[in-house]
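Residue numbers begin at 1 in each chain, while the letters A, B, ... track the order of the sequences.
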Amino acid sequence: MRSLQTGKPLKIKLGADPSRPDLHLGHSVVLKKLREFQDLGHEAILIIGDFTAMIGDPSGKSKTRPQLSAEEARENGKSYFEQASKILDATKTTICYNADWLGKMSFSDVIRLSSHYTVARMLERDDFERRYRSREPISIHEFLYPLAQGMDSVHLKNDVELGGTDQKFNLLVGRDLQREYGIAPQVCITMELLVGTDGKEKMSKSLGNAICFNDTPNDMYGKVLSIPDTLIETYHRLLVTRNKELLTALLEHIADNPREAKRTLAKDIVAQYYSINAALEAEEHFDRIFVQKKAPDNIELVEFEQNSIAVTDLLVSLGAAPSKSEARRMIQQNAVTVDEKKITDTNVLVQLDDIPKTLKAGKRKFYKIAAKKTF
RNA sequence: GGGUAGAUAGCGAAGCGGUCAAACGCAACAGACUGUAAAUCUGUCGACUUAUGUCUUCGGAGGUUCGAAUCCUCCUCUACCCA
């Protein structure tokens, strides 16, 4: 509406947290939305929260989130942008670092800023309220967080701010602050949070349920296949297309043949981040290892100086086990084979020669081992 | 400044003088099963030349004791309450 009235493109703001520079599919939901705006001719602004990251956020689960130095924050911000470029039109994206303005605020500026908000309003936030009531600690600077983020909106005078639904409170604070500072208040758009591969928690690197932009095609494909069937539709809607007809067709497909529906989803997603060919290869790889339970064909060869080595040492030196005790356990649990032959004795020496042998430790770890040629 | 509670393995959380390498849950790893790296079930889960063996762990440093995660002293850190 505002755009129609003024005839100017909208400024769309999206905040990025550089303390976790590994983007995953959860981030992509909101990035895709931003891309839609770009395609409509609006201005996308990616804010790297390097200033806020430097303070370090002790809230919630990540109590010990590391405080970043200015350099690290910039570095991570760069990486964030590179990854985001898989979805955004990089040439049309403005990047800002909020240290550029937040870092210049004086203490009296901060006091003035905080005078615009009350503790009661801060406590409206579910998370704060819950912690306050259950007597969990809340640091003052956590209150300053939404304010700092809101200052970004004041500084940028953006028309729209995007975020996940978990950002709703922060976005609304930004809106309020803009009004306080006499700026047209932003429209806040929150996107559904993507549930991780565990099917329970929101996708997050630290919960280990994330599918990252930088995952290899094989990993990405496999991780998508591991989601619960109930999530297929959601993933498709948030990550592939929102086209209603396609979605209806998909629903039938899922009811009909969940296996194929999920394989298609996995291919679609890998193809987005890599290519159709990569997706097909990933599928082949997956079938080979997990359906047919064969070794992959391109395993890196590891060469050893000696002609024989104890299995336990071998497993440790390959990184298949963190300690010899662990290696022994794996052997006792029938997890280790050499050239398809199960190792049952934890003390056995593995003979090595020029011809590589295939070592399998567990379902997913494969190694090719050989003695270094001496001639 | 005063008070209270607390610091235990990757995380959460029991233990409160010996039977503690330490319950239990989560995570992780392995096996079975499966369309799946899901779910479920089973097992493992400090390290070491695998032994009913040795060594190092329960915030840190000392101490009491035949023996301490458990008791005492000091220190460090955390949270909450009162001022």
Residues which pass salt bridge (Lys or Arg N to Asp or Glu O under 4.0 Å) with A/E233, listed by chain and number, not counting sequence neighbours: A/R237
Over 12 non-hydrogen atoms of neighbours within 6.0 angstrom of CD in A/E340: no
5' precedence on RNA chain B between A/S323 and A/A361 (nearest-nucleotide basis): A/A361
Sequence neighbours excluded - side-chain hydrogen bond (donor to acceptor under 3.5 Å, both in side chains) pairs with any residue from residues 21-30 of chain A: A/D22-A/K205
Sidechain N-carboxylate O distance under 4.0 Å for A/D100, A/K104: no
Quiz item: A/Q333 side-chain donor-acceptor pair to B/G43 base, under 3.5 Å: yes
Sugar-phosphate or base contact per nucleotide [nucleotides 34-40 of chain B; S, B, -; heavy atom under 4.0 Å]: BBBBS--
Please tabulate, for side-chain N and O atoms in residues 222-230 of chain A, each donor-acceptor pair with protein atoms closer than 3.5 Å (sequence neighbours left out).
| unit_1 | atom_1 | unit_2 | atom_2 | d |
| --- | --- | --- | --- | --- |
| A/K223 | NZ | A/A210 | O | 3.2 |
| A/K223 | NZ | A/D215 | OD2 | 2.9 |
| A/S226 | OG | A/K223 | O | 2.8 |
| A/D229 | OD1 | A/K262 | NZ | 3.0 |

Note: A/D89-A/K32 ion pair, threshold 4.0 Å (strictly below): no
Sub-6.0 Å ring centroid separation between A/Y97 and A/F51: no
Aromatic contact, A/Y117 with A/F143 (centres under 6.0 Å): no
Paired and unpaired positions of RNA chain B as dot-bracket, Watson-Crick or G-U wobble under 3.5 Å, | denoting a partner strand: ((((((((.[[[..)..(.....]]].(((((.......))))).(((....)))...[[[[[..)....]]]]]))))))).
Protein N or O to nucleotides 49-53 of chain B N or O, pairs below 3.5 Å:
| unit_1 | atom_1 | unit_2 | atom_2 | d |
| --- | --- | --- | --- | --- |
| B/U49 | OP2 | A/K324 | NZ | 2.7 |
| B/U49 | O5' | A/R328 | NH2 | 3.2 |
| B/U50 | O4 | A/R328 | NH1 | 3.2 |

Closest contact, heavy atoms only, A/K324 versus A/V316: N-CG2, 3.6 Å
